[in-house]
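Written below as structure tokens is the structure these notes are about.
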Amino acid sequence: MVRGFPINSSVKVKIPKTVGEKKVPRSFPLENIRNIGIIAHIDAGKTTVTERILYFTGRTYKIGEVHEGTAVMDWMEQEKQRGITITAAATTCDWRKYRINIIDTPGHVDFTAEVERSLRVLDGGLVVFDAVAGVEAQSETVWRQADRYKVPRICFINKMDRTGANFHRTVLMIETRLQAVPLPIQVPLGDEHSFGDVIDLVTNKAWRFNNDPDRGPDEIPVPEAETARIVDMRHALIAKLAEHDDDMMVAYIEGHEVSPEELKQALRRVTLKNKGVPVLCGSALKNMGIQPLLDAIGDYLPSPLEVPPVEGVDNKSGDKVTRESSDDAPFSALAFKVVTDPFVGRLVYFRVYSGKVKVGSQIYNPTRGRHERVGRLLLMHANHREDVEIADTGSIVATLGLKNTFTGDTLCDHVNAILLESIRFPEPVISVAIEPKTRADQDKLGDALQKLTEEDPTFKVAYNEDTGQTVISGMGELHLEVIASRLISEFRVGVKVGQPRVSYRETITVPVQAEGKFVRQTGGHGQYGHVNVELEPLERGQGFQFVDSTKGGIIPKQYIGPVEAGIKEAMETGTLAGYPVVDIKATLYDGSYHEVDSSDIAFKMAGSMAFREGTKKARPVLLEPIMKLEVVTPEEFLGDIIGDLNAKRGHIVKIDTQGETYVIHCRIPLAESFGYATRLRSISQGRATHSLEFNSYETLPPELTDQIIEKAVGRKHG
């Protein structure tokens, strides 16, 4: 048996489907397709797991290693240099009767947008955990993202051969920290250096893994000393399943012997309902546990037929509509990624939810109101491309030729237009000034920045008129470092980058009423717009809400939209220090108009004036980004690290023990976290590690507000 199982040994499926007048065979039935994402904390081993999956399924013929810079999925120069995944890479492989479309996502919090957009278009998730560290900070973040999109998932506890690995502790952390229901379907026999055998609780068989990647696992007798423990653990698994599955409940109460097939079906039902998560273990680096993991992907994760039909809005009527996962349904897809490929140009990745599309077809983008023509259709394998003629339901492909399609846009049949829900991305929290080195670089910089903003929705570019600087914003220091590096190496633009700056926000603290009146009289038609607006503060993270409560046509309907647009435009620069204003509800309750002189622009200006006047009176405050920090340290450095965090305005939430180390959970202002990695290495002699991710915006202390305002606008507050 080479690599576990022969590729495509049982897949000779031809189901005729109509495309135009021709019958085209579908290479894989829809029920055998698995669209999955591999998600985890940084360094848990996602890319290593993916590389093994590609090798064992015959997709590659040499195992790539992250530490050697030869990983197929980490193809960008910056990924090879840093040994981390930066951009989500897509690939396709076949295992037994299944076609598995995989997206390998980054683990670093600065690239969380890659995880967000991947989960939006995937049906299932494989969550990888480090057996030593267990559930880490970013593990919680990606788990919450998967919860938000209701993505069924399975867990793989990796690095079981490392010193300090503990399978049962990690399972307990999944239960306590993630509030999930872990369903261990494997039990390791030994851990750390003695790991190599597992018992499959579903089939009651024991397997021994080999370091040789070209040999499958060998079946061995279940050790007699483990028999009683295995019986108890299988019974506990059935009991836990019985809490969430009626068929298993009957078998459990009546004491029936549960067959492996019955247990497998119950696990599948519970997983698809998001009531539990099967847990497996192994060591990807040592090629252990990959074949059972591939089996579990096919056995327990959903096909496109088993997820709810995609919902959207009818483009003409505005009614809610659904699209069934079927090749015969009207075409609908979601563009989730835009990439500028140096060899072929602008690539748009999309997931087909219903119907199918051929090369050369004309499709409709209802998000932009534009018609597009599909050029080439490409099945992606990291940065390698394979041309295909048709993309059917469940496919994840890239295409050339879509000039007006961006991340989050819907693509559909122009006769049966549907608008799917877009993808929400977090706002950037850090910014730097950037400038070209030469005149020639200046011409190239604008084009390069535009391409990068199309690729990455969390990367923003703005021009500061006061300083004449171009300011780029992102999710963290590493994010902006990678952007600057790509400008130099990929786009050949020489740039100078300033020091990182915090992206503060402004908001109001009390409700106020304000009037905006824009009146201009210049021979002929004048301009007249008059509004009364009430502004109220909202909870953190609520964004902006606009309510029209005018009655009796006091302001004609055609002017309501411009009022909202004027307020939104004014929110881009606050009255305190020019930072964007957030978390505000604006209610338009009164105003007046002139039958001749009123216009869209007049009411837009009136809305903007009312907002600015109101925010000045509403006791505005500055908000600063607060980061969630986790520090893992030996006990001897615990006191020094806590003292340093307190000096940085850190708030210690709790301290956990993890073996012989301590985990400090802390909230710290972003402004105080710059350069923290170097500081932590110094305090702990390089033995402590940390992870940092955005948590929330909170009010800046009054004693620091004056400093920030003075730095921003050159004057003191008040």
Over 12 foreign heavy atoms within 6.0 Å of CD, Gln542: yes

Does the Asn416 side chain pair with the main chain of Asp413, one donor and one acceptor, at a distance under 3.5 Å? no

Residue pair Thr470 / Val461, side-chain heavy-atom distance below 4.5 Å: yes

First locate atom CD1 of Ile423, then atom CZ of Phe425, and finally report the distance between them rounded to the nearest 0.5 Å. 4.5 Å

Would you check if the side chain of Ser326 reaches a backbone N or O of Asp328 as a donor-acceptor pair within less than 3.5 Å? yes

So Tyr579 and Val502, do their side chains get closer than 4.5 Å, heavy atoms only? no

Within 45° of the six-membered ring axis of Tyr353 and under 6.0 Å from that ring's centre, is NZ or CZ of Arg351 located there? yes

So, Asn274 side chain and Lys150 main chain: donor-acceptor pair closer than 3.5 Å or not? yes

Taking the inter-plane angle between the rings of Phe459 and His479 on a 0 to 90° scale, is it parallel (under 30°), tilted (30 to 60°) or perpendicular (over 60°)? perpendicular

CG-OG1 distance between Leu411 and Thr399, expressed to the nearest 0.5 angstrom: 9.0 Å

From Thr91, Thr92, Asp123, residue fulfilling side-chain hydrogen bond (donor to acceptor under 3.5 Å, both in side chains) relative to Asn101: Thr92

Hey, does Ile102 have a side-chain heavy atom less than 4.5 Å from the side chain of Ile38? yes

Residue pairs involving residues 443-454 (criterion salt bridge (charged side-chain N to carboxylate O under 4.0 Å, His left out); sequence neighbours excluded): Arg346-Glu454, Asp447-Lys451

Looking at Arg424, Arg148, Lys337, Arg144, which one forms a salt bridge (Lys or Arg N to Asp or Glu O under 4.0 Å) with Glu116? Arg148

Taking atom CZ of Arg370 as the centre, does the number of heavy atoms from other residues, nucleotides or ligands within less than 6.0 Å exceed 12? no

Considering only NZ, NE, NH1 and NH2 on the basic side and carboxylate oxygens on the acidic side, decide whether Asp583 and Arg505 come within less than 4.0 Å. no

Intermediate values then yes/no, ring-ring contact (aromatic ring centres under 6.0 Å, His included), Tyr697 and Phe694: CA-CA 9 Å; Tyr697 271 95; Phe694 174 71; 5.6 Å; yes

Please determine whether side chain to side chain contact (heavy atoms under 4.5 Å, CB included) holds for the pair Thr507 and Ile584, giving the CA-CA distance in whole Å, both sets of side-chain angles, and the decisive distance to 0.1 Å. CA-CA 7 Å; Thr507 194; Ile584 280 186; 4.2 Å; yes

I want to check something: taking the side chain as every heavy atom from C-beta on, are Asn35 and Pro304 in contact at a cut-off of under 4.5 Å? yes

Would you tell me whether Glu372 and Thr405 have side-chain atoms, one donor and one acceptor, within less than 3.5 Å of each other? yes

Any heavy-atom pair between the side chains of Leu538 and Gln545 that's under 4.5 Å? yes

Atom CG in Asp409, atom CG in Leu402: separation rounded to 0.5 Å? 10.0 Å

Going by salt bridge (charged side-chain N to carboxylate O under 4.0 Å, His left out), name the pairs with one or both residues in residues 300-315, residues two or more places apart or in two chains. Arg268-Glu306

Report yes or no: does Ser485 contribute a side-chain atom to a donor-acceptor pair with the main-chain N or O of Glu481 at less than 3.5 Å? no

Do any N or O atoms from the side chain of Ser354 and from the backbone of Arg323 form a donor-acceptor pair under 3.5 angstrom? no

I'd like to know whether NZ of Lys460 has more than 12 heavy-atom contacts from other residues, nucleotides or ligands below 6.0 angstrom. yes

Would a distance-only check, ignoring hydrogens and angles, find a side-chain to backbone donor-acceptor pair under 3.5 Å from Arg34 to Gly298? yes

Going by atom types alone, do Ser325 and Thr393 pair a side-chain donor with an acceptor below 3.5 Å? no

For Asp94 and Thr57: C-alpha separation, side-chain torsions, deciding distance, then whether side chain to side chain contact (heavy atoms under 4.5 Å, CB included) applies. CA-CA 6 Å; Asp94 305 336; Thr57 57; 5.9 Å; no

From Ile601 atom CD1 to Phe603 atom CZ, the distance as rounded to the nearest 0.5 Å: 12.5 Å

Is it true that Lys46 and Glu51 have a side-chain N and a carboxylate O under 4.0 angstrom from each other? no

Pairwise side-chain contact, Asp387 with Leu378, heavy-atom cut-off 4.5 Å (strictly under): yes

What's the spacing between Glu324 CD and Ser332 OG if we round to 0.5 Å? 10.5 Å

Quick check: do His371 and His414 have side-chain heavy atoms less than 4.5 Å from each other? yes

Side chain to side chain contact (heavy atoms under 4.5 Å, CB included) between Phe336 and Ile396, intermediate numbers included: CA-CA 10 Å; Phe336 66 96; Ile396 293 178; 3.9 Å; yes

For the side chain of Thr367 and the backbone of Thr410, is there at least one donor-acceptor N/O pair under 3.5 Å apart? yes

Would you say the side-chain atoms of Ser361 pair up with the backbone N or O of Val357, donor to acceptor, closer than 3.5 Å? no

Using side-chain heavy atoms (C-beta onward) and a distance below 4.5 Å, is Phe331 in contact with Ile363? yes

Does Asp147 form a salt bridge (charged side-chain N to carboxylate O under 4.0 Å, His left out) with Arg153? I'd like the steps, not just the answer. CA-CA 10 Å; Asp147 279 341; Arg153 65 216 85 142; 3.0 Å; yes

Carefully, step by step, assess Val128 and Ile39 under the rule side chain to side chain contact (heavy atoms under 4.5 Å, CB included). CA-CA 6 Å; Val128 181; Ile39 56 178; over 6 Å; no

Correct closest heavy-atom pair for Gly124 and Leu301 would be CA-CD2, 4.4 Å

Work out which heavy atom in Leu445 is nearest to a heavy atom in Pro436; give both atom names and the distance. CD2-CD, 3.8 Å

For Arg373 and Gly360, indicate whether the former's side chain and the latter's backbone hold a donor-acceptor pair under 3.5 Å. yes

The single option from Leu487, Leu480, Leu452 that satisfies side-chain contact (heavy atoms from CB on, under 4.5 Å) with Ile472 is Leu480

What distance do Ile33 atom CD1 and Leu305 atom CG have between them, rounded to the nearest 0.5 Å? 8.5 Å

